[in-house]
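Since the structure is predicted, the reported quantities are computational estimates derived from the model, not experimental observations.
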Amino acid sequence: MAMTLHVDIVSAEKQIFSGTAEMVIATAEEGELGILPRHNQMLARLKPGQVRVKLQYGEEQVFYVSGGMLEVQPHVVTVLADTAERAADLDEAMALESKRRAEEALASRTDEISLARAQAELLEAIAQLQAIEKLRKVRKV
Amino acid sequence: MAGGKEIRTQIKSIKNTQKITRAMQMVAASKMRKSQQRMLSARPYAEKIRTVISHLAHAHTEYRPPALMDRPVVKKVGYIVISTDRGLCGGLNSNLFKAAVQSMREWQAQGVESELCTVGTKATVFFRRLGLKILGSSVQLGDNPRVEDLVGSVKVMFDRFSEGEIDRVYLVHNVFVNTMTQEPRIEVLAPVTARVEKVNAPHRWDYLYEPDAPALLDSLLVRYVESLVYQGLVENVACEMAARMIAMKSATDNAGELINEMQLVYNKARQAAITQELTEIVAGAAAV
């Protein structure tokens, strides 16, 4: 029997693939990696690209990941895929955005946020009510 | 008809409120199912990354990231508080804030200051009113939050941790026990060792790294923390929907009771008015 690997591909929002394979080929930051069973333990960062999984009996499945991490244990390969493209400066921009929002919230003296929310909720409730009203009329006819 | 008209308009207005609460209950019930699904589908990632981190804790790595090292002396703590964006969900948020404030007080008693990062409008508004230091916030994430929405807030907190400004980071969120019960929980996010149990490895080994160990391990840990926060957030959304459904159900029931009572009062008043009119007519006729 040929040696096999257990492969898991997951992203933060869902499981993408889980199963047994003969070989995994992933696009790491420094080039393509081919991983066979009994590979040494390894950690690698992936760049946006394909992850190809060679299943038993010659089948092959291809997944696209927008970056992530790859962990290799002798018989287990785990791909932790990112859901979006990540870059240091992009993360920095988001951090700044988060800080800005906090300052904005601190700066506004009145309860603008809660007022706006309340209004939005009210509108939503009214819309739902209207929808129910319409539904009732349709049923009656 | 003394008071008859007033009671009638009041009944009508309660009926309208009841319609709204019933609609909200039904909307929350359908959203709850979806958010529970989301909570379950986010679990595999959290499990896998936890396995990787525990492998990492057992490996004899050439570089130990600062986030993995325990800090015996705590000078300042950070909290990431996850709340809902909208209200009308029972005591969900206030229970959570109570737990968070209590934990902060305990630290304060030891002379340790707290800093905050808020996720969700309610937490931002609440802690702003308390006058606490808010480092970052993410609001209006909707019912289907994405990891990208959290990256900023987590980074703000984690940078402070890496700089050594903050020695411990907590995550405060609600745990979905079942539809009826949601519990506030405070977990340690960093240092990461606090969560990974130590097992004696049979032999010494280290990873091969591509590109280099520090960059790799740091970004892995950031992803780990993000996944925990994300998991907390989706769980909190499920809690929100369940709590809102329950709250709106009891509001609808209460409105129903109120309407019944008032209907009774209204009927009595109407009957009394009719009786009075009749006696007046009869008395009038008898007098003639």
Side-chain angles (χ1 to χ4, degrees), chain A residues 8 10-16 18 28-31 33 39-45 68-73 76 78-84 86 90-106 108 111 113-114 117-118 120-122 124-126 128-129 131-133, chain B residues 16 19-20 22-24 26-27 38 41-49 51-52 55-56 59 85-88 116-118 121-122 124-125 128 134-139 146-148 151-156 159 205-211 213 215-217 219-220 222-223 226-227 230-231:
Chain A
D8 284 302
V10 287
S11 79
E13 276 141 38
K14 61 178 189 287
Q15 181 152 29
I16 298 168
S18 175
E29 276 186 353
E30 290 173 358
L33 287 172
H39 193 286
N40 204 345
Q41 284 98 340
M42 182 170 77
L43 273 176
R45 208 154 56 192
M69 310 285 288
L70 174 84
E71 195 227 12
V72 183
Q73 290 285 334
V76 184
T78 312
V79 179
L80 303 165
D82 288 341
T83 40
R86 297 284 295 270
L90 217 62
D91 284 10
E92 192 61 48
M94 282 196 251
L96 287 177
E97 175 71 15
S98 165
K99 276 185 195 165
R100 190 191 57 74
R101 269 196 305 264
E103 278 158 18
E104 213 169 70
L106 288 175
S108 65
D111 256 5
I113 295 177
S114 40
R117 289 306 320 160
E121 270 166 46
L122 192 64
E124 198 180 335
I126 290 169
Q128 282 163 354
L129 208 60
I132 289 171
E133 211 68 58
Chain B
N16 281 337
K19 276 181 201 162
I20 297 179
R22 186 171 291 142
M24 287 183 79
M26 288 189 287
V27 170
R38 222 169 277 132
S41 64
R43 224 162 248 176
Y45 187 88
E47 271 164 28
K48 291 297 162 206
I49 201 160
T51 322
V52 173
H55 286 160
L56 192 71
D85 274 329
R86 288 188 270 173
L88 294 181
L116 278 161
C117 230
T118 55
T121 316
K122 290 285 166 191
T124 314
V125 172
R128 189 193 77 199
I134 301 176
L135 295 174
S137 82
S138 308
V139 290
R146 292 170 311 152
V147 184
E148 299 94 273
V151 170
S153 297
V154 172
K155 189 174 163 56
V156 168
D159 282 351
W205 58 274
D206 191 6
Y207 283 106
L208 299 171
Y209 298 99
E210 231 199 86
L216 206 62
L217 294 182
S219 63
L220 182 66
V222 167
R223 275 176 183 72
E226 275 168 15
S227 95
Y230 177 73
Q231 184 77 22

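Counting heavy-atom pairs under 4.5 Å between each of B/Ser227, B/Ser219, B/Gly87 and chain A puts B/Ser219 at the top. Taking B/Asp159, B/Val156, B/Asn16, B/Val52 one by one and counting their heavy-atom pairs under 4.5 Å with chain A, the maximum is reached by B/Val52.
Using a 4.5 Å cut-off between heavy atoms, A/Ile16 does not touch chain B at all. Only the side chain of A/Thr78 comes within less than 4.5 Å of a heavy atom of chain B; its backbone N, CA, C and O stay farther away. If you measure heavy-atom distances from B/Ala215 to chain A, the contacts under 4.5 Å come from both the backbone and the side chain. Residue A/Gln15 touches chain B through both its backbone and its side chain, counting heavy-atom pairs closer than 4.5 Å. Proximity to chain A is limited to the backbone of B/Leu135, based on heavy atoms less than 4.5 angstrom apart. Only the backbone of A/Val72 comes within less than 4.5 Å of a heavy atom of chain B; no side-chain atom from C-beta onward does. There is no contact between B/Arg22 and chain A, counting heavy-atom distances below 4.5 Å.
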Does the pair A/Glu71 and B/Leu56 meet the rule for a side-chain contact (heavy atoms from CB on, under 4.5 Å), with working shown? CA-CA 10 Å; A/Glu71 195 227 12; B/Leu56 192 71; over 6 Å; no
Assess the residue pair A/Arg45 and B/Tyr209 against the criterion (side-chain contact (heavy atoms from CB on, under 4.5 Å)); give the C-alpha distance rounded to whole Å, side-chain angles, the decisive distance to 0.1 Å, and a yes or no. CA-CA 9 Å; A/Arg45 208 154 56 192; B/Tyr209 298 99; over 6 Å; no
For A/Leu43 and B/Leu217, run side-chain contact (heavy atoms from CB on, under 4.5 Å): C-alpha distance rounded to whole Å, both residues' side-chain angles, the deciding distance at 0.1 Å, then the answer. CA-CA 9 Å; A/Leu43 273 176; B/Leu217 294 182; 3.6 Å; yes
Pair B/Leu216-A/Met69, side-chain contact (heavy atoms from CB on, under 4.5 Å): steps then yes or no: CA-CA 9 Å; B/Leu216 206 62; A/Met69 310 285 288; 4.2 Å; yes
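A/Leu80 and B/Lys48 make their closest contact through CD2-CB, 3.9 Å (heavy atoms, listed as atom of the first residue, atom of the second, distance). Considering all non-hydrogen atoms of both residues, B/Tyr207 and A/Gln73 come closest at OH-NE2, 3.2 Å.
Environment of NZ in A/Lys14: sparse, with no more than 12 heavy atoms of neighbouring residues, nucleotides or ligands closer than 6.0 Å.
The line from CG of A/Asp82 to OH of B/Tyr45 is 5.5 Å long, rounded to the nearest 0.5 Å.
B/Tyr230 places a side-chain heavy atom less than 4.5 Å from the side chain of A/Glu13.
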